[in-house]
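To start, the structure under review is shown below, and the notes come after it.
A note on names: the letters A, B, ... follow the listed sequences, proteins ahead of strands, and every chain is numbered from 1. We use all heavy atoms of the structure for the numbers below, so side chains are in, but hydrogens, waters and symmetry mates are not.
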There are 2 protein chains.
Amino acid sequence: MPTLSEVARHAGVTPATVSNVLRNRGRVGAQTRQRVLDAVDALGYRPHLAARALAEGRAPTLALMVSSIANPFYPEFALAVERAARTSGHFVIICNTNEDPQTGRAYLDQIAGTLSEGVLVTNANLDFADLHTTEARGTPVVLCMWERPNEPPGLPCVAVDFRLAGELAGAHLLALGHRRIGAIVGSKASGIHAARYQGFVDALHAAGAPKSPVKHALDTIQGGYDATRALLEADPKLTAIFATNDLPALGAMHAAADLGLHVPDDLSVIGITDIQLARESRPALTTVAVPTVEVAELAVSLLRELIESSYGQAGRGAANVPMRISSPPELVVRASTGAPRPR
Amino acid sequence: MPTLSEVARHAGVTPATVSNVLRNRGRVGAQTRQRVLDAVDALGYRPHLAARALAEGRAPTLALMVSSIANPFYPEFALAVERAARTSGHFVIICNTNEDPQTGRAYLDQIAGTLSEGVLVTNANLDFADLHTTEARGTPVVLCMWERPNEPPGLPCVAVDFRLAGELAGAHLLALGHRRIGAIVGSKASGIHAARYQGFVDALHAAGAPKSPVKHALDTIQGGYDATRALLEADPKLTAIFATNDLPALGAMHAAADLGLHVPDDLSVIGITDIQLARESRPALTTVAVPTVEVAELAVSLLRELIESSYGQAGRGAANVPMRISSPPELVVRASTGAPRPR
DNA sequence: ATGAAAGCGCTAACAC
DNA sequence: GTGTTAGCGCTTTCAT
């Protein structure tokens with residue numbers, strides 16, 4: 001690979017001039033500029049990004065921490081992040097933690113601040129302490145999907161009102177006439193989906209509806225499948241399933257199919273997020289859509305701001321950690337919910 | 001972030017010694033080593049990967065070119081690639097071309113050889129000329145999923161016998177007694193799926209079965225959905241659908257559902273690849289499994305070899321471009337195929 | 001066993 | 001307008 005100096009030599013100028021031409025910096029004569037440009041493509045020159053990163057003291061990449069790229073939400077989100085990042089000339093390194101905090105730490109230690117100049121965190125099961133450490137080392141961190149706008153996490157974040165999402169889902173089911181609703185929470189008891197479940201409970205409460213049976217499950221299709229079967233075994237009269245995420249909701253539909261129950265006539269199912277599969281399942285899944293693209297854009301732009309302001313470098317007021325709030329989630333009615341049919 | 005020299009100063013040695021300790025290189029006294037190690041974690045030192053890359057002349061990352069991370073096969077594959085790459089200490093940068101050769105070129109130009117020391121290419125709709133260019137610049141390129149082991153592509157690759165996959169699928173359908181089979185090819189006429197289709201045709205031919213109607217479609221659920229409806233409209237007596245990929249096959253099942261056809265009784269459906277969704281769909285999809293993880297591992301190890309041997313740097317014999325062949329695809333019978341039921 | 005010095009490819013003051 | 005110079009943080013001969 002040809003280097004900057006080779007281009008310079010070829011064009012009969014100094015490296016500085018070439019650099020100036022390439023980055024449209026200092027003033028360069030039109031003539032010289034052309035000679036440089038010619039040399040560049042005569043030699044097929046490409047700037048060495050690592051060298052540039054070193055010299056500039058900043059890397060052209062952002063790290064995106066995800067718990068598992070195999071969960072179809074993350075690729076969708078990653079795509080949105082990538083698009084947003086490219087507008088500021090950033091590449092994205094996707095770091096798969098596999099739900100393992102240690103792997104997460106390893107990535108943070110190695111990539112943050114050296115290969116990437118900022119870190120985007122989804123619900124990747126990371127240690128907050130580790131995140132604070134990388135922040136303290138000078139690499140800004142943004143939480144992409146904070147679930148409780150009212151309880152700031154102490155790190156810069158984009159918050160989505162997931163409690164509202166749960167409430168909308170519950171209200172929809174109630175409005176259709178459901179009273180016996182099984183709930184599937186796709187995380188551990190006090191986990192990341194607690195706010196969504198809370199919203200659902202709030203809706204029931206507001207309507208004076210009876211408490212629902214709840215089952216905690218893995219945030220996967222299989223998890224939702226198992227939970228649904230358990231729920232239905234315990235109470236065969238359930239007419240609807242609320243899941244805190246689309247994947248378990250899809251699993252609920254599969255369970256219904258295997259049990260010979262028709263969705264939505266025998267069992268209504270609703271999820272949260274609106275991943276692409278929700279649109280593509282049969283029947284298509286009713287869900288509460290989260291503005292994924294907007295969240296990604298907010299997260300990237302917040303991160304960029306923090307990078308520019310070298311947030312954290314200087315002692316920032318621990319008090320005012322920035323938080324962006326996305327537009328509210330919205331109910332998307334499809335084919336998996338309907339009025340209950342007594343059985 | 002503390003630097004190497006700071007650690008050195010802190011430990012009362014020179015940068016060279018610290019470097020030696022960190023990389024287990026030259027001989028260092030046990031005592032000194034300990035002092036250095038102490039300094040390292042007293043200061044929370046992390047090596048600057050970009051600086052290291054520059055000094056070493058090699059980057060610790062591999063680029064993975066994919067056409068769309070939104071297609072669920074790629075995240076699965078990416079995960080496998082990442083696992084394999086980590087074993088050699090490489091990070092993976094996922095580059096989304098969005099099916100656009102220009103975007104692909106942009107990524108190659110920028111990342112290859114500067115941020116990453118090798119390129120892995122899936123069916124990303126890239127210009128072969130561009131790939132040869134980056135190869136010529138000294139960055140090894142490996143095609144991860146070449147579909148025709150008998151026709152080497154002129155670039156290092158991992159080949160999968162996709163013709164066989166198509167044949168297995170066709171044979172399975174024929175063995176069940178199907179004769180009127182619609183085929184969906186998830187690419188353009190002479191595109192990447194041609195070998196799969198050829199295998200299917202071979203199977204029909206070998207069995208003396210009549211020719212099948214074919215429809216070319218987008219390699220998506222929707223594409224398969226539309227194609228199936230068109231196919232069934234043209235010939236309502238079709239008893240089975242063969243799709244060259246799982247996604248369109250899934251779409252075929254949805255189309256059947258919407259048409260009130262029961263799968264597999266009224267319509268059998270088979271795909272190729274065995275993505276996770278195939279297992280998780282209802283009914284579960286019969287498919288021909290491609291050894292994804294093995295392919296990823298082969299591709300990464302081949303790429304590593306090329307990197308080590310600085311393949312391409314020196315004029316290599318254009319004749320012997322390396323090719324690895326994966327183990328053959330295998331039929332996985334699930335619930336979406338069965339004997340035809342006359343309608 | 002440790003240190004001194006040069007250099008990876010690029011950028012950024014500043015001087016001419 | 002263009003060149004000079006110094007360095008980004010690290011690795012790596014080569015001395016000592």
Q: Determine, for B:Arg23 against B:Glu56, whether the closest basic-nitrogen to carboxylate-oxygen distance falls under 4.0 angstrom.
A: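 Looking at B:Glu56 together with B:Arg23, the answer is yes, because their closest N to O distance falls below 4.0 Å.
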Q: Output yes when A:Arg137 and A:Asp109 qualify as a salt bridge under the 4.0 Å nitrogen-oxygen rule, no when they do not.
A: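 Salt bridge: yes.
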In whole angstroms, how far is the [atom2] atom of [N] from the [atom1] atom of [X]?
X	N	atom1	atom2	result
A:Arg58	D:dC8	CZ	P	18 Å
A:Leu4	D:dA6	CG	P	19 Å
A:Leu54	C:dC8	CG	C1'	9 Å
A:Asn20	D:dT2	CG	P	10 Å
B:Glu6	D:dC10	CD	C1'	13 Å
A:Glu56	D:dA6	CD	P	22 Å
A:Tyr45	C:dC10	OH	P	3 Å
A:Gln31	D:dT2	CD	P	9 Å

Q. Would you say B:Tyr45 and B:Glu6 make side-chain contact, with heavy atoms under 4.5 Å?
A.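 When only atoms from C-beta onward are counted, B:Glu6 and B:Tyr45 do not touch, as no gap falls below 4.5 Å.
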(Q) So for atom CD, which belongs to A:Glu99, do other residues, nucleotides or ligands contribute more than 12 heavy atoms lying within a distance under 6.0 Å? (A)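 Counting other residues, nucleotides and ligands, CD of A:Glu99 exceeds 12 neighbours.
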Q | Side-chain N,O (B:Arg52) to OP1/OP2 (D:dG9) below 4.0 Å | A |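 No, outside the criterion.
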Q.
Between B:Arg23 and D:dT11, is there a contact of a side-chain N or O with OP1 or OP2 at under 4.0 Å?
A.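 Yes, within the criterion.
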Give [X] one of three labels, base, sugar-phosphate or nothing, depending on what nucleic acid heavy atoms sit under 4.0 Å from its own.
X	answer
B:Gly29	sugar-phosphate
B:Ser19	base
B:Thr32	sugar-phosphate
B:Thr14	base

Q: Specify the closest pair of heavy atoms between B:Thr97 and B:Thr103, including all atoms of both residues, with the distance to one decimal.
A: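 Nearest heavy atoms, B:Thr97 then B:Thr103: O-CB, 3.6 Å.
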Q | Nucleotide nearest A:Ala16 when distance is taken to its side chain, options D:dT11, C:dG9, D:dT4 | A |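 The nucleotide sitting nearest to the side chain is D:dT4.
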Q | Closest nucleotide among D:dG9, C:dC10, D:dT12 to the B:Arg25 side chain | A |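 Shortest atom-to-atom distance from the side chain points to D:dT12.
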Q. Mapping B:Ala55 and B:Val28 to their closest nucleotides on DNA chain C, which lands nearer the 5' end?
A.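 Upstream on the strand: B:Val28.
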Q. Of B:Ala30 and A:Arg46, whose nearest nucleotide on DNA chain C comes first from the 5' end?
A.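 Its nucleotide being nearer the 5' end, the pick is B:Ala30.
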Q. Between B:Pro2 and A:Arg35, which is nearer to the 5' end of DNA chain D once each is assigned its nearest nucleotide?
A.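 It is A:Arg35, whose closest nucleotide lies nearer the 5' terminus.
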